[in-house]
Amino acid sequence: MKIASFNINGIKARVAALPDWLDEAQPDVVVLQEIKSVDEAFPREMLEERGYNVETHGQKSFNGVAILSKLPLEDVTRGLPGDDEDDQARWIEATVVGDDLALRVCGLYLPNGNPVPGPKYEYKLAWMTRLQARAEALLAEETPFLMAGDYNIIPQAEDAAKPDNWREDALFRPESRAAWRRLVNLGLTDAFRARTQGPGHYSFWDYQAGAWNRNNGIRIDHFLLSPTVADRLRACQIDRDVRGRDKPSDHVPIWVEL
DNA sequence: ATGTCTCCAGGATGGAGA
């Protein structure tokens, strides 16, 4: 089973690039972030034509996540538990029913958190505390799961081409990275790092300042796997070349093969 | 040194978010 994550930075702006990549990569399941669309305006037909079941958790202008799956989706839930006041569309879950596995797939768009300090950073850290609680609950019930998406976290210096540029940024602040480590240390596996070591592997290049041409990137899109899912990991790769195409998102897809 | 893209309101361009 091939499962991908892709922050598309606006579905309307990616109506050509997204199906092109889907046709080529042929993922069975995809979690999307930053669809920047309400559910009613999401171009589901374009995806259903390709054999995907489509579940969205949209919002006007900002945020918005979705799950696409060629396999049946069950028990879809929207919104990260733990704060009834939070109306930002950043979390969707569904169970993907495969031949020999019922996998809970969690798609997430973790808050950016800048500027630091400030209310947006407080929101990011609070959101990560809720994420931790959700992971603990899934582990406690021994549900096979993965959490994939745009974490807006640079885990280590080697995950940035120019780490010194990010020292004061919400994506790389010690408090942010500590929250990431607490999550991983529950017993989750960073799928990419389970397969590939060393610097130079990025999933995001800013549109500004020629970041792509200079390969000034960061690795912020991640898959975290529960123990039984980690046992099934066969591959994890980043589709880097997607960034060099026409009308690209600033993120590229990352995927796992289970 | 600077550099961009997307969305929306509103009806032109500018602000917000990233």
Side-chain angles (χ1 to χ4, degrees), chain A residues 5-21 31-44 46 56-66 80 85-91 107-128 131 148-155 159-173 175-177 179-180 202-222 238-254:
Chain A
S5 171
F6 192 3
N7 180 326
I8 56 176
N9 189 20
I11 186 60
K12 297 176 191 70
R14 232 58 65 199
V15 286
L18 177 62
D20 284 353
W21 168 74
V31 292
L32 299 175
Q33 302 87 41
E34 285 205 271
I35 65 174
K36 296 186 176 180
S37 165
V38 294
D39 296 334
E40 301 73 38
F42 191 77
R44 52 187 311 126
M46 173 181 87
T56 59
H57 181 34
Q59 179 178 349
K60 190 175 183 177
S61 303
F62 308 120
N63 309 320
V65 290
L80 182 62
E85 306 291 301
D86 184 4
D87 56 4
Q88 298 191 31
R90 296 179 174 277
W91 179 267
L108 68 100
Y109 175 47
L110 206 149
N112 175 294
N114 282 303
V116 180
K120 291 185 177 179
Y121 193 52
E122 296 306 310
Y123 174 63
K124 177 179 194 150
L125 295 176
W127 205 94
M128 294 187 77
L131 178 59
D150 177 359
Y151 280 74
N152 270 314
I153 294 283
I154 303 166
D159 297 310
K162 299 184 177 182
D164 287 343
N165 290 0
W166 297 93
R167 295 287 174 197
E168 302 306 318
D169 195 284
L171 279 62
F172 196 54
R173 288 290 304 160
E175 299 93 327
S176 307
R177 296 164 59 200
W180 163 265
Y202 312 126
S203 66
F204 168 92
W205 295 260
D206 202 292
Y207 288 122
Q208 297 187 69
W212 167 247
N213 288 327
R214 296 163 187 255
N215 195 25
N216 181 14
I218 52 178
R219 191 177 72 91
I220 57 176
D221 298 86
H222 308 297
I238 296 170
D239 282 346
R240 181 184 194 282
D241 65 300
V242 170
R243 186 63 176 80
R245 298 181 185 176
D246 287 343
K247 290 267 292 176
S249 171
D250 40 6
H251 296 249
V252 297
I254 173 173

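We name chains A, B, ... by the order of the sequence lines, and we start the count at 1 in each one. Just so it is clear, the structure is predicted and the values come from calculations on it, not from any experiment.
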Discussion item. Restricting to side-chain hydrogen bond (donor to acceptor under 3.5 Å, both in side chains), what partner residues turn up for D159(A), sequence neighbours left out?
Written reply: R193(A), R219(A)
Response to the item:
The side-chain contact (heavy atoms from CB on, under 4.5 Å) partners of N215(A) (sequence neighbours excluded) come to Y202(A), W205(A), R240(A)
Response to the item:
Nearest heavy-atom contact between L131(A) and L80(A) is N-CD2, 3.8 Å
Item to complete: Look at all strands and tell whether Y109(A) reaches a base, only sugar-phosphate, or nothing, counting heavy atoms closer than 4.0 Å.
Response: sugar-phosphate
Worksheet entry | Residues in side-chain hydrogen bond (donor to acceptor under 3.5 Å, both in side chains) contact with D241(A), at least two apart in sequence or another chain | R245(A)
Fill in: Rounded C1' spacing from dG3(B) to dA18(B) in Å
16 Å
Response to the item:
Nearest heavy-atom approach of D239(A) to V252(A) is O-CB, 3.4 Å
Item to complete: Determine, stepwise, if the pair N114(A) / K120(A) fulfils side-chain hydrogen bond (donor to acceptor under 3.5 Å, both in side chains).
Response: CA-CA 6 Å; N114(A) 282 303; K120(A) 291 185 177 179; over 6 Å; no
Worksheet entry | P atoms of dG10(B) and dG14(B), separation to the nearest Å | 16 Å
Discussion item. Under 4.0 Å from a heavy atom of chain A: give me the 5'-most and 3'-most nucleotides of DNA chain B that qualify.
Written reply: dG3(B) to dA18(B)
Fill in: Distance between C1' atoms of dA12(B) and dC7(B) (Å, rounded)
16 Å
Discussion item. Contact list please: residues 10-21 of chain A against DNA chain B, heavy atoms, distance less than 4.0 Å, in numerical order.
Written reply: G10(A), K12(A), A13(A), R14(A)
Fill in: Closest approach of A179(A) to M128(A) (non-hydrogen atoms, all atoms of both residues)
CB-CE, 3.6 Å
Item to complete: Using side-chain contact (heavy atoms from CB on, under 4.5 Å) as the criterion, list what pairs up with P117(A), not counting sequence neighbours.
Response: none
Discussion item. Nearest heavy atom decides the nucleotide; on that basis, is N112(A) or Q208(A) closer to the 5' end of DNA chain B?
Written reply: Q208(A)
